[in-house]
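All remarks here apply to the structure that follows.
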Amino acid sequence: MNAGPVRVLLVDDHPVVRRGLRAIIEELPGVAAVGEAGDGAAALAFLDAADAAAVDAVEADADGPTGRARPDVVLMDLQMGDGMHGVDATRAIAARPAPPAVLILTTYSTDADILAAVEAGATGYLLKDAPPEELAAAVRAAARGETVLAPTVAARLLGRVRAGRPALSPRESEILRLLAEGLANRQISRRLFISEATVKTHLVHIYDKLDVDSRTAAVAAGLAAGLIRPA
């Protein structure tokens, strides 16, 4: 993450909502809104332009304003009219090299919406009635690579796993905790003095036990099941 303020891209199909979010963001210390997009496709275009501007700035040995506009966090709505929706956009962003974190901010809190977003690679999931201080903390946590879930969202996920709490080994629990801290496989291997291949093997077992297929989904499921504690 950059040393300056956390840079946020606002993605919502309602201009009034974007204007309100920008007003909130601009009041938060250490957070700055660097752009807006009306749907997922526009968000991807913004990221392409920001990446290109950053490359141009490096080649020119400069740090122009466009080069600094690459966001650290994308604040993403889910349903956006006829445009690309949030889940598809999140999946596309997560597939990019060194992607920004995607923090879902929506009015939708069904199990299907939550799981689809998490499986697509969202770092967190908040509802639009979240108070500004909760939003601020979530944005900063997402920029650090931490998973953030609104209390009601965590409760929904917990309801899905309450019938049968998965049993992780001590090593698997340790790796899951490090995933929640945002550590990559290589960092985990160094922290635990094990090979990256061993880390990957443990991840396969963790994913299987939690019935997920991504790092973010594993952390979300672990938080919901009480296997790890929120940061």
Side-chain angles (χ1 to χ4, degrees), residues 1-40 42-43 46-47 50 65 68-80 86-87 89-90 93-94 96 98-109 113-114 117-118 120-158 177-183 215-217 219-220 222-224 228-231:
M1 193 180 76
N2 61 293
V6 176
R7 300 176 300 235
V8 181
L9 171 63
L10 307 173
V11 186
D12 195 291
D13 63 327
H14 293 101
V16 173
V17 173
R18 294 200 305 272
R19 190 175 302 121
L21 287 174
R22 179 178 282 275
I24 292 173
I25 290 293
E26 290 176 348
E27 291 294 322
L28 301 178
V31 182
V34 296
E36 300 178 13
D39 65 13
F46 182 96
L47 295 178
R68 292 196 300 267
R70 180 187 288 172
D72 303 303
V73 176
V74 178
L75 205 57
M76 180 80 72
D77 192 13
L78 279 186
Q79 305 296 327
M80 289 182 279
V87 169
T90 298
I93 291 172
R96 300 168 68 96
V102 178
L103 180 60
I104 301 298
L105 183 66
T106 183
T107 57
Y108 300 93
S109 60
D113 288 321
I114 296 166
V118 170
T123 300
Y125 200 109
L126 289 183
L127 301 180
K128 286 184 176 178
D129 60 359
E133 58 271 19
E134 183 178 332
L135 176 61
V139 166
R140 296 189 186 100
R144 295 193 298 266
E146 299 172 9
T147 298
V148 185
L149 297 174
T152 53
V153 171
R156 278 191 170 276
L157 291 176
L158 177 59
R177 285 193 296 272
L178 295 178
L179 285 184
E181 293 178 16
L183 271 63
R215 301 166 71 90
T216 303
V219 173
L223 287 168
I228 50 177
R229 295 179 179 177

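- Atoms OG1 and NZ, from Thr106 and Lys128 in turn, are 6.0 Å apart once rounded to the nearest 0.5 Å.
- Between Leu75 and Leu103, some side-chain heavy-atom pair lies under the 4.5 Å cut-off.
- With a 6.0 Å radius and a threshold of 12 heavy atoms from other residues, nucleotides or ligands, Glu27 has its CD atom at or below the threshold.
- Between the side chain of Arg18 and the main chain of Asp12, a donor-acceptor pair closer than 3.5 Å is present.
- Between the CG atom in Leu78 and the OH atom in Tyr125 there is a gap of 4.5 Å [rounded to 0.5 Å].
- Checked by atom type and distance alone, the side chain of Asp77 never pairs as donor or acceptor with a backbone atom of Val11 at under 3.5 Å.
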- Stepwise, does the side chain to side chain contact (heavy atoms under 4.5 Å, CB included) test hold for Val139 with Leu28? CA-CA 10 Å; Val139 166; Leu28 301 178; 5.7 Å; no

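- Taking all atoms of both residues into account, the shortest heavy-atom contact from Asp72 to Pro5 is OD2-O, 3.8 Å.
- Taking 4.5 Å as the limit, some side-chain heavy atom of Val31 sits within range of a side-chain heavy atom of Arg140.
- Nearest heavy atoms, Pro132 versus Ile24: CB-CG2, 4.2 Å.
- Atom CD1 of residue Ile114 and atom CG of residue Leu149 lie 8.5 Å apart, to the nearest 0.5 angstrom.
- Annotation for Tyr108 and Asp113: closest pair CB-OD2, 3.3 Å, computed over non-hydrogen atoms.
- Taking both residues in full, the closest heavy atoms of Thr90 and Gly121 are given as CG2-C, 3.8 Å, listed atom of the first, atom of the second, then distance.
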- Task: Show your reasoning for whether salt bridge (Lys or Arg N to Asp or Glu O under 4.0 Å) applies to Glu181 and Arg177.
- Result: CA-CA 7 Å; Glu181 293 178 16; Arg177 285 193 296 272; over 6 Å; no

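- Atom-to-atom distance recorded for Ile228:CD1 and Thr147:OG1 is 7.0 Å, nearest 0.5 angstrom.
- Closest non-hydrogen pair, Ala217 versus Val118, comes out as CA-CG1, 3.2 Å.
- Among all heavy-atom pairs drawn from Ala120 and Ala94, the shortest one is O-CB, 3.7 Å.
- Here CZ of Arg215 is found 8.5 Å from CG of Leu183. Values are rounded to the nearest 0.5 Å.
- Residues Leu47 and Pro100 have side chains in contact (heavy-atom distance under 4.5 Å, counting atoms from C-beta outward).
- Taken from CG in Leu9 to CD1 in Ile93, the straight-line distance is 7.5 Å, to the nearest 0.5 Å.
- Pro131 is linked by a side chain to side chain contact (heavy atoms under 4.5 Å, CB included) to Glu133, Glu134, counting only residues two or more places apart in sequence or in another chain.
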